[in-house]
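Okay, structure first, notes after.
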Amino acid sequence: MLVVMVGTGYVGLVSGVCFAEFGHDVICVDKDPAKIQTLKDGGIPIFEPGLQDLVKKNVEAGRLSFSTDLPSAMENADAVFIAVGTPSRRGDGFADLTYVYAAAEEIAEHMNGFTVVVTKSTVPVGTGDEVERIIGKKHNPENFAVVSNPEFLREGAAINDFKHPDRVVVGTQNEQAKEVMRDLYRPLYINETPILFTERRTSELIKYAGNAFLATKITFINEMADLCEAVGADVQQVARGIGLDKRIGSKFLHAGPGYGGSCFPKDTVALVRTGDEADVNLSIVKSVVDANDRRKIRMAKKIIDHLGSVDGKTIAVLGLAFKPNTDDMRDAPSITIISMLQKNGAIIRAYDPESMVEARKSLDNVSYAENAYDCMEGADALVIITEWDEFRALDMNRVKSLLTEPNVIDLRNIYPLYDMKTLGIKYISVGR
Ligand code: UGA
């Protein structure tokens, strides 16, 4: 099988490398010559654990290559994946499909022989129909099929998620395309991964419904955390107590500062817009979006309330990325929290193992430390926003000696309450 992956962003790169790992020949194509050169030189434009080694291995095995030349790449392609960005359209929350349609036009230009065109980018319901219309202007319907194949990869765990997915969703009713997709994912049959074939619009909606549901679960437990604080209950035990019910499940029930990243915030808003357009009021998803926006502000207020005032105080912030094992700062709760603390007069010193280069683009007037302890030296309080492993076992006696006052605000609940009390730390967390 020869697979062409259009777009070497997060999804395109991970999917391309993993298909090569499955044994297929893969050419990853991008318009950006600098990005392609970096990849050819063995560099990786994003941070994803394990990705660099896998790229190296598959390039050396001759299965994976990078190119800016789509026409040549497409010469013998069996499947062409569209994995370009679909950012939020400025102002209205709709997904911006300019890049998807531009890729479709170009693919149509250079397609020959029966080709399966697969949308891997997260695209609103009906996008596949438009891609089909674009390609159909130049080709007969029997020469191609447009398939939806959403990704369910988590940043930081993407390779494992690709190789061991809970399911693969394929939206097409074209039998020839189903065969090609089955062949592509054949290595997963060994693990008996369910491959769900659906109509294309259904597949497109599964992606949004899945992300919106997970965002709802997080938002639900975050609200329960607020209630726990008010009534004297423990949200971690509530989460465990409900999560053990198999109908609910224990995952995505960690209370925290609100969800962020490149997917949940964008996809929930886009789904609400799709609902509005279809005249369907998605009131639950709307509430989730609002509650999550409010949550980040609430977290800043929580810090300010704990300290009385932050005016003129130095706050050490550990963790800036929207979650661990990524350098991604998109919609990271740290941005809203830090800006609000600054508005209230706080001086911010921060440390993150991977995202400090990215953070500089979204945060002003923050000084960056070399490591966690350097960050908190002489600070008036420590705030943990992202639960990187290296923050999970800090030497708390050292923390206490470095801070002017032993104030620790843990927005990820990574420390046991009892230990903190014993150490004499003025500790607050979320919903406990
Ligand atoms: C998410 C989905 O989990 C993937 O299945 C999906 O493919 C991806 O979006 C996408 O659409 O591309 P990702 O954004 O990488 O993946 O990150 P998650 O691990 O889902 O975390 C999202 C946010 O929720 C983070 O800010 C995280 O801290 C937060 N979260 C997650 C919680 O606050 N509590 C939890 O229990 C779980």
Side-chain angles (χ1 to χ4, degrees), residues 7 9-15 18 46-49 83 85-88 95 119-124 149-162 164-169 204-225 235-236 238-240 242-243 248-271 288-289 291-293 295-296 299 319-337 352 355 384-388 410-414 429-431:
Y10 193 82
V11 172
L13 194 53
V14 172
S15 308
C18 289
I46 53 169
F47 174 81
E48 178 64 29
T86 54
S88 258
T119 47
K120 199 125 203 58
S121 306
T122 297
V123 290
N149 175 219
E151 56 83 21
F152 303 105
L153 312 174
R154 285 164 306 161
E155 287 186 25
I159 292 166
N160 190 60
D161 284 352
F162 196 97
H164 306 280
D166 290 338
R167 80 306 202 184
V168 172
V169 175
E204 289 168 339
L205 187 55
I206 286 171
K207 167 70 191 188
Y208 282 94
N211 273 1
F213 192 84
L214 293 170
T216 304
K217 243 183 138 176
I218 298 167
T219 308
F220 177 85
I221 204 67
N222 283 341
E223 288 198 340
M224 285 303 121
V235 75
Q236 282 180 312
V238 170
R240 186 159 162 72
I242 61 172
I248 296 173
S250 59
K251 296 197 174 138
F252 279 68
L253 285 180
H254 299 289
Y259 61 77
S262 63
C263 307
F264 290 171
K266 168 172 82 75
D267 294 350
T268 43
V269 172
L271 185 59
V288 166
V289 172
N292 195 63
D293 285 346
R295 176 132 201 105
K296 301 175 199 169
M299 291 300 106
L320 298 169
F322 81 96
K323 66 172 194 176
N325 297 323
T326 176
D327 63 352
D328 201 333
M329 284 295 294
R330 282 175 286 179
D331 273 305
S334 64
I335 299 173
T336 312
I337 296 170
D352 186 287
S355 73
I384 300 172
I385 302 188
T386 316
E387 70 281 31
W388 284 89
D410 171 6
L411 300 182
R412 296 289 183 169
N413 290 345
I414 56 181
S429 51
V430 175

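Quick note: residue numbers are just sequence positions, from 1. All values reported here derive from a predicted model rather than from experimental measurement. As the structure lists them, so they are numbered: ligands from 1, and atoms in each ligand from 1.
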(Q) I'd like to check which ligand 1 atoms, numbered from 1 as shown, lie under 4.0 Å from a non-hydrogen atom of Lys207. (A) 6 (C), 7 (O), 10 (C), 11 (O), 12 (O)

Q) Short question: side chain of Thr386, backbone of Ala321 - any donor-acceptor pair under 3.5 Å? A) yes

Q.
Less than 4.5 Å apart, side chain to side chain, heavy atoms only: is that true for His254 and Asn413?
A. no

Q) Tell me: protein heavy atom nearest atom 31 (C) of ligand 1, and distance? A) Ile218 CD1, 3.5 Å

(Q) Which residue and atom name correspond to the protein heavy atom nearest atom 34 (N) of ligand 1, and how close is it? (A) His254 O, 2.9 Å

Q | Proximal atoms of ligand 1 relative to Phe152 (non-hydrogen, under 4.0 Å) | A | 4 (C), 5 (O), 6 (C), 7 (O)

Q: Note the single closest protein heavy atom to atom 26 (O) of ligand 1, along with its residue, its atom name and the distance in Å.
A: Gly260 N, 2.9 Å

Q. So is Leu214 polar-close to ligand 1, meaning N/O to N/O under 3.5 Å?
A. no

Q. Is the closest side-chain heavy-atom distance between Ser334 and Lys296 below 4.5 Å?
A. no

(Q) Is it true that, when you exclude Phe152 itself, more than 12 heavy atoms of the residues, nucleotides or ligands shown sit nearer than 6.0 Å to its CZ? (A) yes

(Q) Is it the case that the side chain of Lys323 and the backbone of Arg154 share a donor-acceptor pair, with hydrogens and angles ignored and the cut-off at 3.5 Å? (A) no

Q) Under 4.5 Å between any side-chain heavy atoms of Ile218 and Phe264, yes or no? A) yes

Q: Spell out, as yes or no, whether a donor-acceptor pair under 3.5 Å connects the side chain of Lys207 to the backbone of Val169.
A: no

**Q.** atom 3 (O) of ligand 1 - nearest protein heavy atom and its distance
**A.** Arg154 CG, 3.3 Å

Q.
Considering non-hydrogen atoms of the protein only, which is the closest contact for atom 17 (O) of ligand 1, and what is the distance?
A. Lys323 NZ, 3.1 Å

Q) Relative to the ring of Trp388, is the ring of Phe47 parallel (under 30°), tilted (30 to 60°) or perpendicular (over 60°)? A) tilted

Q: Using a strict cut-off of 4.0 Å, indicate which atoms of ligand 1 neighbour a heavy atom of Asn211.
A: 2 (C), 6 (C), 9 (O), 10 (C), 11 (O)

Q.
Among Thr326, Thr386, Leu153, which one puts a heavy atom closest to atom 4 (C) of ligand 1?
A. Leu153

(Q) Suppose I only count heavy atoms of Glu155 and a 4.0 Å limit; which atoms of ligand 1 are within that range? (A) 15 (O)

Q: Distance to 0.1 Å, residue and atom name: give those for the protein heavy atom nearest to atom 10 (C) of ligand 1.
A: Cys263 SG, 2.8 Å

Q: Just need the protein heavy atom nearest to atom 1 (C) of ligand 1, so name the residue and atom and give the distance.
A: Phe264 CE2, 3.5 Å

**Q.** Separation of Leu411 CG from Ile385 CD1 (nearest 0.5 Å)
**A.** 6.0 Å

Q.
Is Arg412 close enough to touch ligand 1? Criterion: a residue heavy atom under 4.0 Å from a ligand atom.
A. yes

Q. Got the closest protein heavy atom to atom 25 (C) of ligand 1, with its distance?
A. Phe322 CD1, 3.6 Å

Q. Side-chain contact, heavy-atom cut-off 4.5 Å: Asp331 with Phe322?
A. no

